[in-house]
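As structure tokens, the structure follows; a few thoughts come after it.
Bear in mind the structure is a predicted one, so any value in this text is a computation, not a measurement.
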Amino acid sequence: MIVELLPFDLETAPEALLTTTAGLWAALPRLNSSNLPVARLILIADTLDKEDILADFRSSATPESYLPPGVLAYRIEYENYLDRMAREVRYIRCYLVMETSLDERGIIGLLGAYGLRARPLDHELPRPFNRAESSWEYLESDQGLFAMLGTVPDQGQATIHPRLLHNLFSQDFPVYAALQIYTYPQAEVMRMLNEKAAMATYGAGKTVDSIREAEQVQTGISAVSDAISMGEALHTFRLYAMVSGRDRKELNTRQEIVRGALGLKLEKVYAPGDLAAKVFSAEPLDQKDGSPLTTSGLSLLTGSALSYRRRTETHGIMLGVDRNQAPVILDVFHESHASYNMVILGQTGSGKTFASLMLMMRHLLMGVRLIMIDPQGNINLDFLGEEVVQRNVIGTGAASVNILDVIHEEAGAQVEMAIAMLRLLKVHTDTPLERALLDEGLVSLYTPLWEGKEKQAPLLTNLHRWMSERAGKAKSSKIGETAETMALALQAYVTGSQREMFGKPTSIDFSLEHAVTIFDVSKLPPQEMGENLRSALLSILVANINLGIRRRRVAGDRAPILFFVDEMGMLMRDPVLAAYISGEYKTARARLVGMIVADQDLHSLLGPRDSRGLHHGIPILANAANTLIFNQKDNQRGSIQEHFPALPESLVDTLPVLPRGTCLAQFADGDLLMVNIVPSPMDLVILSSRLQDREKAKAMVEQMRKEIKR
């Protein structure tokens, strides 16, 4: 049985992950289906070339011939940036070979219980060579000469630490390594310890040296006995390393480099042909001799092997670099992801919005449509050209929004949504009588539309008129007073100060025909002045955008869409609206939509608690495939640890001191990295909110357009 193990990054992994394999190695006698409880880790260190990253981008990006001039200029600059920033990355592939009665699915599940991520082997096991002739000192193949080293049984005072094997993997030439592990059954351990103790007691000579040696043996036996009494097992291990060279000189040099890189004693393996063929294959190796080690030491040794994680994704766009200076490539729409959604948290000035825009702009090069809600009015992408960008300014008389627009196909859900909107506008306080009157009125107004007699959604003017007439016809004074009060509350939105914004049919274009559509909501009432008004307008705006996306899908548009919503917490204020937004977020993948939601912190994003004590925004976190967390205030650490329990405490503690442009990134493929967002010189200009930079961006793109025409 062979499966592929997914390494983890020592820089970001919890400390406990280093020794998480302890239970697995101790359980080998029970898990192994053969008479010999052995297992083997095959570790292959290789290099990811930057040419692979460039080639993958070019193969997946929209062809240059289809790009408008502004987008083409951005692509040319991005490719130049990619060529400068991408670098070679050393990485390892890791495989586990063991004989067990479990099937492939069972062993992967078992490894998951021990904290190890594994997957079925879906490719041929990489080998140093396909065919070679063995001599006494080396192997000769078409790929060159190969030599094999192995650890000696007596390691003396060797120290095992988390980075022990990292020096081996980080060399600038291919290294093939294998760690053979044997676990003594409990009965064999006790028998062996008793024999050793008897020999030390009765076999010691009378010289000072022999007495001292016997005392050392007794000390070792006591240490092993104590470890076993604490639940550990006894193992042996042997590490093999194979290197290659074009000639004997290079081969000998690389062997010496490996000897120096490891803190373990190595010896040359002579006539290595048969052993090499078995060690680097899926066949079990019946070998129990090696260096003795207790479970805690062995788990730390294997943790050193498994903790050399480097991100090797090449499909997507470059977001930045991690602490190992490896390029961080991300494809939001990778088909293996359970969702395409992303949550981005960051205080003002942390680089959150800049990173979001850069991420979206680079995905534009891969044929992704962009929809952005701009709360500050700072997003200006006019340099891309009118044929690419459409900008809508919300909150003025020229861009009215009808909060009674139909966004649900089901009548009950539509009425409930309208009632929630009216609650935000403080038209009612959610009493049973108010809800009953609104339900009656809204059904009356929507019925002609549902029956096909009307084509336009009712307006607040119609609801105001219905409520006034209902107050006049009411036989009960309480009903009349309630209807009259709500009619009075609607007055401000019909003939009062808010009539231009709320009292007309929606005049905003939600066709989403452009590659980039921006909705500038900076003219809406600020949060401190009109929190509910802002929430209501943002909610109906998001609802209409999602309706526009559905219409495009019905019309046959299959281009992926990234939908960026800042100030997401504003939409989590009302439970009905929060449930609607969360539902859209959860089902976005089915429409090939990735929703990127951003806010300053979790307190704002999650919104208030409902009657069950749950935050409205919890489904947003639960359905996010990727998460970026920028600088956070110190008082947010507890909340982050509560809602992201897998994050190591040491990383959470760094969040309050993260510099601008640095974030903790948790990706859908399981990677947890500290990422430095790296913009190109062009990004720094075109994504800037400064007026002088906007003019500079236009001039820069215009110059590039002229050069392209030449």
Side-chain angles (χ1 to χ4, degrees), residues 21-22 24-43 96-100 134 136-137 147-160 164-165 168 176-200 203 213 216-217 220-221 223-225 227-228 232-242 255 258-259 262-302 304-305:
T21 56
L24 175 65
W25 309 132
L28 274 183
R30 300 190 302 275
L31 295 173
N32 208 291
S33 59
S34 67
N35 294 325
L36 201 64
V38 294
R40 186 166 74 259
L41 290 179
I42 299 177
L43 308 158
L96 173 65
V97 179
M98 64 183 292
E99 288 296 303
T100 175
S134 180
W136 180 244
E137 291 192 1
M148 195 171 184
L149 301 171
T151 52
V152 301
D154 183 9
Q155 288 295 322
Q157 300 298 315
T159 301
I160 297 175
L164 178 66
L165 299 180
L168 175 65
Y176 289 78
L179 185 63
Q180 174 74 6
I181 297 166
Y182 170 74
T183 300
Y184 287 97
Q186 191 75 6
E188 187 178 352
V189 174
M190 300 311 298
R191 183 174 63 254
M192 183 175 63
L193 290 178
N194 289 335
E195 291 175 355
K196 294 283 186 182
M199 291 176 62
E213 183 178 348
Q216 290 175 347
V217 171
I221 292 172
V224 173
S225 298
I228 291 174
E232 296 200 32
L234 183 63
H235 316 265
T236 60
F237 79 89
R238 192 162 194 204
L239 177 68
Y240 295 99
M242 178 168 279
Q255 288 181 81
V258 169
R259 289 178 188 271
L262 274 176
L264 300 173
K265 296 178 183 178
L266 296 169
E267 63 182 2
K268 190 162 187 173
V269 177
Y270 292 98
D274 292 339
L275 180 60
K278 278 193 172 183
V279 165
F280 298 106
S281 73
E283 297 180 23
L285 182 62
D286 295 337
Q287 183 185 82
K288 59 185 290 187
D289 297 331
S291 306
L293 205 58
T294 58
T295 301
S296 57
L298 179 62
S299 63
L300 186 58
L301 178 62
T302 55
S304 175

Whether [X] side chain and [Y] backbone form a donor-acceptor pair below 3.5 Å:
X	Y	result
Glu99	Pro284	no
Thr295	Ala233	yes
Gln155	Ser291	no
Thr183	Pro37	no

**Prompt:** side chain to side chain contact (heavy atoms under 4.5 Å, CB included) between Leu262 and Leu149: does it pass, once the steps are laid out?
**Reply:** CA-CA 11 Å; Leu262 274 176; Leu149 301 171; over 6 Å; no
**Prompt:** If you look at every heavy atom in Val279 and Ile42, which pair is closest and at what distance?
**Reply:** O-CD1, 3.7 Å
**Item:** Leu164 versus Gly263, closest heavy-atom pair with distance
**Value:** CD1-N, 3.8 Å
**Message:** Testing Ile181, Thr100, Leu36 one by one against Leu28 for a side chain to side chain contact (heavy atoms under 4.5 Å, CB included), which residue passes?
**Reply:** Ile181
**Message:** In the structure I gave you, are the side-chain heavy atoms of Leu285 and Val38 within less than 4.5 Å of one another anywhere?
**Reply:** no
**Asked** Any side-chain heavy atom of Leu165 sitting closer than 4.5 Å to one from Leu239?
**Response** yes
Once rounded to the nearest 0.5 Å, what's the spacing between atom [atom1] of [X] and atom [atom2] of [Y]?
X	Y	atom1	atom2	value
Leu168	Leu264	CG	CG	9.5 Å
Trp25	Leu301	CH2	CG	10.0 Å
Leu293	Thr236	CG	OG1	9.5 Å
Tyr184	His235	OH	NE2	11.0 Å
Leu41	Phe237	CG	CZ	12.5 Å
Met242	Met148	CE	CE	5.0 Å

Ignoring hydrogens and angles, write down the donor-acceptor pairs under 3.5 Å from the side chains of residues 265-278, residues two or more places apart or on other chains.
from	atom 1	to	atom 2	distance (Å)
Glu267	OE2	Arg238	NH2	2.8

